[in-house]
2 protein chains.
Amino acid sequence: MGRPRKFDETEVVSLARELFASRGYHGTSLDELVNSTGLLRGSIYKAFGSKRNLFEAALSSLGDDFDQSPESLDLLTVALKELASEDAKVAKICQEIISRADSKNVSEILGRNLLAKMKGQN
Amino acid sequence: MGRPRKFDETEVVSLARELFASRGYHGTSLDELVNSTGLLRGSIYKAFGSKRNLFEAALSSLGDDFDQSPESLDLLTVALKELASEDAKVAKICQEIISRADSKNVSEILGRNLLAKMKGQN
DNA sequence: GCACTTATTGAACGACCGGTCAATAACTTT
DNA sequence: AAAGTTATTGACCGGTCGTTCAATAAGTGC
């Protein structure tokens, strides 16, 4: 009942995931989220409550299919470096994602993904 | 000639390095820099020109003794994830630091340092 | 002491930040 | 068609962001 939503939540989370992965948590502004998802601020806050919650939703959505793509690795890196040490909930989500990943050398893969960022521009 | 500086530039860069390493580039504010270095905003800008330049000075100072300490690894991670892909100068500094490092498995070490951040709080 | 040069100080700037909310719209139920 | 419920809209909020700069201080050389 009530007015129906105009947007698909999964799709919005997916767009937020792209942004957070590439620009980082502190590097992503609400305006950018608004522009890329098409939702206005009010709708984002009604649906997710806060920027932090939206990030957590995006991070959690990795668990469903952690594919070791650059985007996934970037988001995990952002979660670990920018938030995990001060946010136990984020830290726990990271643990779950990694425990479900069927690779023994996640650290090697994360590190390689980081080092790749300095190639191709000098 | 002129008024002499009250501060030791190397020491200020070192304090900035600590902050950037632990809080990230976008996560570190001028106010925090002011509080931890003891310099006022005007002095920081006179000495370094911009927040970005101060970060570059901090990053470059790693080259002198890249010791693979958590702080050094954190700063390198910040440089790579938050800046390197959009800032060729930062990317180049990262390359120099890593080429000077006498370790073949930097990626493994960077990754391990990241994963360590999710331990010890659930 | 006066001119010159360079550094410190901190108030002020406009831009942007994450977040709020009253008004309105779109649905269901009766 | 009226009442009830939930979603959208976007202007607005106080606070913080990185940056600037005129006033002042602290040196040196004449």
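No hydrogens, no waters, no symmetry mates; every other heavy atom, side chains included, goes into these values.
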Tell me every residue that passes side chain to side chain donor-acceptor pair (under 3.5 Å) with [X], counting only those two or more places apart in sequence or in another chain.
{"X": "A:S36", "result": "none"}
{"X": "B:N35", "result": "none"}
{"X": "B:R23", "result": "B:E32"}
{"X": "B:D74", "result": "B:N113, B:K117"}

Residue-phosphate contact under 4.0 Å: A:Y45 side-chain N/O, C:dG19 OP1/OP2
yes
Taken in chain and number order and not counting sequence neighbours, the residues that satisfy salt bridge (Lys or Arg N to Asp or Glu O under 4.0 Å) with B:E9 are B:R5
Applying salt bridge (Lys or Arg N to Asp or Glu O under 4.0 Å), name anything that partners B:R3, two or more places apart in sequence or on another chain.
none
List in chain and number order the residues that pass ring pair (Phe, Tyr, Trp, His ring centres under 6.0 Å) with A:Y45, two or more places apart in sequence or in another chain; answer none if no residue qualifies.
none
Which pairs count as salt bridge (charged side-chain N to carboxylate O under 4.0 Å, His left out) when at least one residue sits in residues 34-45 of chain A, sequence neighbours excluded?
A:D31-A:R41
Check DNA chain D against residues 27-36 of chain A and give the residues with a non-hydrogen atom under 4.0 Å, in numerical order.
none
Kindly state which residues belonging to residues 50-57 of chain A come within less than 4.0 angstrom of DNA chain D, counting heavy atoms of the residue only, listed by number.
none
Keeping the roles fixed (side chain from A:D87, backbone from A:V90), state whether a donor-acceptor pair exists under 3.5 Å.
yes
Quick one: what's the B/S/- string for nucleotides 5-14 of chain D, heavy-atom cutoff under 4.0 Å, read 5' to 3'?
BBBBBBB---
Distance-only donor-acceptor hits, side chain of residues 13-20 of chain A, under 3.5 Å, sequence neighbours excluded:
residue : atom : partner : partner atom : Å
A:R17   : NE   : A:E71   : OE2          : 3.4
A:R17   : NH1  : A:S61   : OG           : 2.8

